[in-house]
Amino acid sequence: MTKIQLSNDSWNARLYDSKHSFVSKLGNDLVDLLDPKEGERILDLGCGTGDLAKVLSDKRVKVIGVDKSENMIKQAKLKYPEIEFSVCDATELTYYEKFDAVFSNATLHWIKTPKIALECIFNSLKQNGRFIAEFGGKGNINLISDAIIKSMKEQGYEFNMERFPWYFPSIGEYTSLMEDVGFRVIFSHHFDRPTPLEDENGIKNWIHMFASDMFTGIPSDMKDLIISKVEYNLNNHLFKEDKWLADYKRIRVIGMKN
Ligand code: BEZ
């Protein structure tokens, strides 16, 4: 099997595929909301290692997948060489009136300049095109992020909220931004979705995969200690029966360019 050469971006595509494939599996019903039609041109924004782009491509859609992470795109190209993938940040898209739909699963909470991304998405769409997205909304992973910050402080590390890696807006906030850039918002939903993590190391793996930026500047043995304490403190709240459930709260939106 070909080993991919990892560049120095912080995304570990193999850990993502081996332990976090639930991200794209849970995106399958977002595909139903997208309701893709044969022959449509669709941009999968934040495609990760390409699994949902593949689902779309199997529905005879002309899909292009973009992701900011080179590691993810390398892996996507290896898995699905028949699909077009490229490295691009959501705030630097240069497409103009090219797509019938822009689709985005579990990505937009990484974008801390949401209005710039929304302008790029709007410009990428043809007239009457649609934007369908799901991402973390207000209150998402509160228990996990509070536990990390608390444990860091207990070990003597201050946490500056500028290092908080995510943007978790309310529906009101996000749909207002959508309207500001020109979208007609026809659907929005903010809901709880406790999300099962893989195996008994689920919470540790999740933190290593997704929350490493919170630990910038902290030595790795101290990071491991903090994560162990987080795991211990969250056990009563998020370990149910035999598995970890992350306290996800999602936002789903549909905006029309018309
Ligand atoms: C999410 O899908 O809600 C999420 C994933 C990784 C980090 C933060 C949130």
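The structure presented is a predicted model; accordingly, all values stated were derived computationally and were not measured. When a ligand or atom number is given, it counts from 1 through the structure's own listing order. Values below: all heavy atoms of this structure, side chains included; hydrogens, waters and symmetry mates excluded.
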Which atoms of ligand 1 sit under 4.0 Å from any heavy atom of W110?
6 (C), 7 (C)

Side chain to side chain donor-acceptor pair (under 3.5 Å) with D100: of K62, R41, K126, only one passes, and it is K126

Measure F135 to ligand 1 on non-hydrogen atoms and call it side chain, backbone, both or neither using the 4.0 Å cut-off.
neither

Hey, any chance V61 and V102 share a hydrophobic cluster, counting ILVMFWY side chains that come within less than 4.5 Å of each other, even indirectly?
no

When distances are taken from atom 3 (O) of ligand 1, the protein heavy atom at minimum range is R250 NH1, 2.4 Å

Would you mind telling me which of Y174, Y248, F103 makes a ring pair (Phe, Tyr, Trp, His ring centres under 6.0 Å) with F135?
Y174

Pick one of side chain, backbone, both or neither for how Y167 approaches ligand 1, counting any non-hydrogen atom pair under 4.0 Å.
neither

N/O separation below 3.5 Å, N140 to ligand 1:
yes

Assigning hydrophobic clusters by single linkage (Ile, Leu, Val, Met, Phe, Trp, Tyr; side-chain heavy-atom cutoff under 4.5 Å), is F122 placed with I251?
yes

For L52, the option from V31, V63, L30 that meets side chain to side chain contact (heavy atoms under 4.5 Å, CB included):
V31

